[in-house]
Amino acid sequence: MGMVENIASLRADQRFADTDHWASFGAQWASGDSKRIECLSVVDETHDVKTFVFQCPDYPALAYEPGQFLTVSPVIDGQSVSRCYTLSSTPTRPFTFSITVKRVPGGAVSNWLHDHLKAGSALAASGPAGIFTPVAAPARKLLYLSAGSGVTPLMAMTRAAADLHADLDIVFVHSARTPKDIIFREELARLERALPNLRTLFFCEGLGDEPHWQGPLGRLSADELQRQIPDFKEREVFTCGPKGYMDATKALLGNAGFDLGRYHQESFDINAEEVLEALAEPAGAGQAQDTFTVRLARSGKVFTMTPDQTVLSAAKKAGAVVPSSCSQGVCGTCKTAVLEGTVEMKHNGGIRQREIDKGLRLLCCSRPTSDLVVDL
Ligand SMILES: Cc1cc2nc3c(=O)[nH]c(=O)nc-3n(C[C@H](O)[C@H](O)[C@H](O)COP(=O)(O)OP(=O)(O)OC[C@H]3O[C@@H](n4cnc5c(N)ncnc54)[C@H](O)[C@@H]3O)c2cc1C
Ligand code: FES
């Protein structure tokens with residue numbers, strides 16, 4: 001049987017979690033390749049969230065898995081700056097694709113996109129990547145938990161499930177500051193009316209300017225989890241949001257007896273952590289500990305670092321300009337040749353074995369085990 005026949009013989013809920021199915025929707029854009037994408041329209045979702053709709057002249061129809069992200073690289077003040085944004089669109093409508101971006105106070109790229117990207121503008125981007133997709137854990141009963149802009153991968157999955165008419169039982173829980181901060185609120189309400197097995201639940205920390213809001217207030221608690229989703233232990237959980245939200249959610253589920261082997265998460269606010277790590281004194285500063293010397297072959301910079309730092313954060317701290325985005329070994333932006341020496345690299349799919357064999361490493365998740373010479 002050929003691949004197409006194989007896919008056709010699958011039920012919709014099986015296709016939802018099948019890589020070949022998603023690959024069949026259009027051309028596949030290798031994750032490391034940079035392309036020009038053109039903005040077709042900009043949609044205001046909330047007061048600080050916009051959706052940017054794109055097309056790529058190289059791909060009339062684009063294949064990706066729901067939940068994957070793009071790395072966009074606008075040129076800001078003469079410098080290319082890369083950040084990851086989940087494709088909030090559904091791959092079942094492959095002719096255009098979108099990202100949905102929340103303004104981060106003081107953030108370089110989110111504010112630039114909000115203030116400068118208009119219909120007709122173009123941008124460099126590299127291809128879809130990421131493993132936070134239904135393929136990671138096929139299941140029919142799902143619990144999607146998100147906060148803030150973390151809604152985007154779960155929205156992509158829900159839109160895809162709806163278009164496929166997949167027989168999936170989804171509870172979609174989203175936490176927002178106030179009702180007016182709920183991203184995709186109207187569309188989720190419409191999808192809930194259309195799909196018998198989709199249930200949405202919004203938790204708001206405050207009422208804001210909607211004093212008549214009837215939904216639950218506060219954060220998701222153990223009691224609310226039991227009361228609202230009594231069968232939560234039977235579900236595969238996908239969580240996305242700020243680190244604090246995800247830590248709290250994981251602890252809540254673990255304490256409630258949920259099998260964390262069925263828990264999947266994607267973190268968005270890695271850059272802030274990286275900034276903090278880069279600015280902080282190395283762990284154990286002031287005490288004697290191993291240090292390694294790193295030489296940057298192109299710039300001639302030499303610095304020392306400890307084995308608990310990533311090569312990326314140490315190089316940035318030493319003043320090197322290193323392209324990076326996700327800081328979790330998924331996007332491939334920081335891929336660089338290590339010319340001499342060895343590192344321990346714990347990546348999440350952002351590099352292929354044949355690239356590793358050629359000496360390339362993802363600096364954001366590589367720690368030195370010897371002195372190094374790096375191709376920077
Ligand atoms: C896989 C993945 C998918 C993502 N998907 C989405 C998505 O769908 N939608 C979305 O909105 N976001 C998403 N993000 C987050 C996004 O990539 C960016 O991290 C986010 O938009 C902030 O980028 P920025 O350039 O605006 O902020 P940055 O410039 O990176 O700043 C981040 C924070 O650090 C602070 N900061 C920056 N520099 C310093 C400094 N020197 N000292 C102290 N503090 C500093 C800023 O004030 C800000 O609070 C995703 C991230 C990942 C990893
Ligand atoms: S910055 Fe994304 S893989 Fe290193």
Side-chain angles (χ1 to χ4, degrees), residues 43-51 67 85-86 88 98-107 110-111 114 132 142-159 161-162 169-195 197-232 235 237-256 258 263-269 272:
V43 181
D44 287 320
E45 301 286 358
T46 70
H47 63 104
D48 62 354
V49 177
K50 286 182 197 269
T51 290
Y85 291 101
T86 303
S88 52
S98 60
I99 60 173
T100 299
V101 180
K102 186 177 169 72
R103 267 190 202 272
V104 173
S110 59
N111 289 291
H114 272 247
F132 187 70
L142 296 153
L143 173 55
Y144 292 163
L145 297 167
S146 65
S149 58
V151 71
T152 51
L154 305 165
M155 190 63 188
M157 293 181 207
T158 304
R159 285 172 164 162
D169 174 343
I170 301 174
V171 180
F172 192 114
V173 182
H174 179 66
S175 296
R177 220 166 276 153
T178 70
K180 84 166 183 329
D181 293 296
I182 299 171
I183 307 169
F184 306 128
R185 183 175 170 184
E186 280 171 27
E187 185 179 344
L188 281 165
R190 189 176 53 71
L191 286 171
E192 187 174 34
R193 286 195 297 275
L195 300 172
N197 288 327
L198 170 67
R199 189 153 71 89
T200 64
L201 200 55
F202 301 117
F203 285 83
C204 291
E205 282 182 30
L207 293 171
D209 52 12
E210 282 190 42
H212 305 299
W213 166 255
Q214 297 292 316
L217 280 178
R219 297 188 174 182
L220 179 64
S221 63
D223 285 352
E224 283 289 329
L225 181 71
Q226 276 301 351
R227 201 167 66 80
Q228 302 272 10
I229 317 156
D231 62 351
F232 72 94
R235 295 175 181 271
V237 173
F238 286 76
T239 309
C240 188
K243 188 176 179 305
Y245 167 81
M246 290 197 306
D247 289 349
T249 305
K250 192 171 180 184
L252 178 77
L253 288 165
N255 293 337
F258 181 78
Y263 174 88
H264 313 273
Q265 69 172 37
E266 180 157 80
S267 168
F268 273 11
D269 51 1

Atom of [X], atom of [Y] and distance for their closest heavy-atom approach:
X      : Y      : result
Tyr85  : Ser110 : OH-N, 3.7 Å
Gly67  : Glu266 : O-OE1, 4.2 Å
Leu195 : Ala162 : CD1-CB, 3.6 Å
Leu252 : Ala222 : CD1-N, 3.3 Å
Cys240 : Gly150 : CB-O, 3.3 Å

Does a side-chain heavy-atom distance below 4.5 Å link [X] with [Y]?
X      : Y      : answer
Leu143 : Val173 : yes
Leu154 : Phe132 : yes
Phe202 : Leu188 : yes
Val237 : Leu253 : yes
Ile182 : His174 : yes
Lys250 : Gln265 : yes

Closer than 4.0 angstrom, basic N to acidic O: yes or no for [X] and [Y]?
X      : Y      : answer
Arg185 : Glu192 : no
Arg219 : Glu205 : yes
Arg199 : Asp169 : no

Ring-face cation contact, Phe184 with Arg159, 6.0 Å cut, 45° max: yes
Spatial distance of atom [atom1] ([X]) from atom [atom2] ([Y]) [nearest 0.5 Å]:
X      : Y      : atom1 : atom2 : result
Phe268 : Ser149 : CZ    : OG    : 5.5 Å
Leu220 : Ile229 : CG    : CD1   : 6.0 Å
Thr51  : Ile183 : OG1   : CD1   : 8.5 Å
Leu207 : Arg177 : CG    : CZ    : 15.0 Å
Glu45  : Lys50  : CD    : NZ    : 10.5 Å

Ring geometry between Tyr144 and Phe172 (parallel below 30°, tilted from 30 to 60°, perpendicular above 60°):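 Geometry flag for Tyr144 against Phe172: perpendicular rings.
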Does a donor on one side chain and an acceptor on the other come within less than 3.5 Å for Asp44 and Thr46? no
Side chains of Thr100 and Ser88: any donor to acceptor distance under 3.5 Å?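 Yes - a donor-acceptor pair under 3.5 Å links their side chains.
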So for atom CZ, which belongs to Arg103, do other residues, nucleotides or ligands contribute more than 12 heavy atoms lying within a distance under 6.0 Å?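 Atom CZ in Arg103 is crowded, with more than 12 foreign heavy atoms closer than 6.0 Å.
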Please confirm whether the backbone N or O of Ser146 pairs with a side-chain atom of Tyr245, one donor and one acceptor, at under 3.5 Å?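 Yes, the answer is positive, given that a donor and an acceptor are paired below the 3.5 Å cut-off.
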Donor-acceptor contact present, side-chain Gln228 to main-chain Gln226, <3.5 Å: no
Proximity of Tyr263 and Phe258 rings by center, below 6.0 Å: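 Centroid distance Tyr263-Phe258: not below 6.0 Å, so no.
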Among Leu217, Thr178, Asp181, the one residue meeting side-chain contact (heavy atoms from CB on, under 4.5 Å) with Cys204: Leu217
Going through the distances and angles, do Arg235 and Val171 end up as a side chain to side chain contact (heavy atoms under 4.5 Å, CB included)? CA-CA 9 Å; Arg235 295 175 181 271; Val171 180; 3.5 Å; yes
